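The next block holds one structure in the form of structure tokens; read it before the comments.
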Amino acid sequence: MKNMKKLLALVLALLMVVSMAACGAKKEESKEIVINFPCIWVGTDAKAPYMAKLVEEFNAANAGSIKVVIEEQTDYQAYRDKIRTLITTGNAPDIFSVDNPQELANFSATGKLMDFTSALEGDWKATFNDGCIDPYIYENGQINFLPFESAVIPLVYNTELLAEVGYNEFPATYSEMMEMFAKLKEAGYNACGQMAAENAWSSMLWYSQLVASIGGPDVYKNGLEDPAFVQAAEVLREMYNYTFDGAVSAAAADVNGHFIARDTAVYINGCWWIGNFYKEENAVDGKLLADVVDVTGAPTWEGGKGEGAVVTQAQAFLCAAKQDDPAKEAAIIKFLQYITEPTRISEWEASSGSMFFIEHEPAADLKEISKKFAAVSNEANFTVYTFAQSVPLAVTNELPAAVSALANDVVDAQGFVDMLIAARDNA
Amino acid sequence: MKPTKSDRKVLIAFLAPAVALVVLFFVIPVIYVAVVSLLKWNGLTSAEFKGIDNFVALFKDKAFLRSILNNVIWAATAAAIQVPLAMLMAIILSRKPKGWKFFRTVYFFPQVISGIALATMWRHIYNAESGLLNGLLRLVGLGHLATDWLGGMDTALPSVLIYWVFYVGYYMVIMMADITTIDESYYEAATLDGATPFQQAIHITIPLIKGTSLLTCVTLASVMGLRQFEQVYLLTNGQPANTTSTIVLYLYKQMQTGNYGRSSAAAIVLIIVGALFIVTIRKLFEDHKKDPKRVIEKEAK
């Protein structure tokens, strides 16, 4: 009995030692820094595979000390809403991206974002394109936003459809392009893709291109009262005559689908879409979409101020939440430096077709379409941000209503611009 | 019998959690929204007191006025079409015709499907080029009627309303449950007097459910109509030209642009419109007496 008691005491003591050791191990484990990253570069996004690879490699290289956890976000609007709400409530994610420059000043003013100034003092700053960071420094003087993904938005056209109506080259002027649009429509094709649902994305891009070509580089400085906005709206309305049926209620997927199906001749979108030109699933009769398209800058608007205009977009800024723990701040910076490292950016560019604000050697295996997008950007007389990134948010949000009213002939071009002005003034 | 002091304590103990939850999750948020409605605030930086400026701006905004009108149309359609349809189905099915269980399940089934899935399905049905609706019209030689249902100024709102109106299962089940509690003897007596099923429905069933499940369903349906968001957001996002916008969608868009003050003002207007609607519905139904015998006697007169 006595021995039994001793044995029991020994077992209990052993159990205590084992459980305390387990607690110790747990404590050891908890030293790992977990970085939460709600990320939009997931799912079918062209950058998703490389993003996943980078995170996997980084986590493997830092096993036990840093772990980046990707929270998949596939919807841009939902992502914007989420980030805004989290910042508003003081719960900014450890790392996130912002695609809307109009929000940056307000985000910065919250004081809840990480200041990258000291982190950039070393070599890291040199990896970013010259002067691309400074325009996004706001009243507090901090560097809260790292320009990451840029985008050029040229026109892409189906060479086979254009050849069918007698065009071996893309028209040089808008009036010639509209003539070609009429011929394409007569031949049973949609000349261009338009849409007024969601955020009226494609129509917004066409409108951006028109406004820049007509009004020139300073058109947004003049405000919506610049006559270029009305002139551009007149052309946009005309373009709705040459698009597919149901464009007013169409979404971006419809516009993309028509171009992929080879029944729309001219397409406008940013370089983030380049990966789709090479997807097997978009091939028709064994031909990739890339085999039947070419890329061009905007036509010239006769008498306009914006010859050689190219529309661009600041596609993403990398941001992080302000941290109390210096170790976590260092871990976040380490990860951001890892993903912005120039050789990785080259690989990322090659695999996705995306463009970046990071200095890097163009990848040797850069896809042909990517080269053409880059050429359009290099040959631009000037670049201008998209309409959506150049006007207040209230105007951007009113755009689908104004476009659908214009396309339905509820308002004329002046009425279209008046709707936008009213949204701006009423904000 | 007058409640004793200990009764009161028990009552308070039972009520306290519910009251606390209502205060926490309804009263305080409403007060907060009311305060924010008087501010110019983007949710991120400091706020500025603006008095009733947000309300003035709201009523100058055509999109908001259209949203109020649309909400009234939604609520009225719910009360005047959706609930009567549900009532009709409930009356028919509660007579237990052949296959009634199957039809009850079929009508209720859409209620268990996600609103997003339904809206996506209807987007495809309404698609101007490849949609089922236009396909059917073309098939029966009415191709000239094919149109961009969700993009047309005259067709967008009816298109969004119509698909929703036919989802009557929820209200149908509530009313069926009520109808089954009606004493069979009323129907037996009416049958002996030679009343047809239609007359029985008009003079017995409807009067007896009017003050209970019918009132509940009309109130619920109107409130659902007033807070309409998902269907509109997913099908049209308020377009074309804001013709399908609703107050909740409007306030959501204001929040998206960081205009929290305006958004809160819209929410206050929604609360007022909702309260007016509920008061009106109760007024319309208040003359009704719940006592079945008095109802039947009144009908007999």
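Naming: A, B, ... by sequence-line order, numbering from 1 per chain. Quick caveat: nothing in here was measured; it's all calculated off a predicted structure.
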Item to check | Interface moiety of A:Asp254 toward chain B, non-hydrogen atoms closer than 4.5 Å | outcome: side chain

Next on the checklist: At a 4.5 Å cut-off on heavy atoms, which part of B:Tyr252 comes close to chain A: side chain, backbone, both, or neither?
Outcome noted: side chain

Item to check | Pairing of A:Arg237 and A:Asp409 as salt bridge, 4.0 angstrom limit | outcome: yes

Item to check | chain A contact via B:Asn134 - side chain, backbone, both or neither, heavy atoms under 4.5 Å | outcome: neither

Next on the checklist: Under 4.5 Å from any heavy atom of chain A, what part of B:Asn237 do you find: side chain, backbone, both or neither?
Outcome noted: side chain

Next on the checklist: Quick check on B:Thr45 against chain A: is it the side chain, the backbone, both or neither that has a heavy atom closer than 4.5 Å?
Outcome noted: side chain

Checklist entry - Heavy-atom distance under 4.5 Å to chain A: side chain of B:Asn42, backbone, both or neither? => result both

Item to check | Heavy-atom side-chain proximity of B:Tyr260 to B:Lys40 below 4.5 angstrom | outcome: no

Checklist entry - Given that the side chain runs from C-beta out, which part of A:Gln102 has a heavy atom under 4.5 Å from chain B: side chain, backbone, both or neither? => result neither

Next on the checklist: Is A:Asp81 close to chain B through its backbone or its side chain, or both, or neither, when contacts mean heavy atoms under 4.5 Å?
Outcome noted: side chain

Checklist entry - Can you say whether the rings of B:Trp149 and B:Tyr126 are parallel (under 30°), tilted (30 to 60°) or perpendicular (over 60°)? => result tilted

Next on the checklist: Counting heavy-atom pairs under 4.5 Å with chain A, which one of B:Pro240, B:Ala128, B:Gly152, B:Ser245 comes out on top?
Outcome noted: B:Pro240

Item to check | A:Asp115 with A:Lys322: basic N within carboxylate O range, under 4.0 Å | outcome: no

Checklist entry - For B:Tyr170 and B:Phe108, what are the C-alpha separation, side-chain angles and deciding distance, and is it a ring-ring contact (aromatic ring centres under 6.0 Å, His included)? => result CA-CA 6 Å; B:Tyr170 181 64; B:Phe108 190 75; 7.2 Å; no

Checklist entry - chain A: which of B:Met153, B:Lys253, B:Met255 shares the most heavy-atom pairs with it under 4.5 Å? => result B:Met153

Checklist entry - Side-chain donor-acceptor pair under 3.5 Å between A:Asp412 and A:Gln414, yes or no? => result no

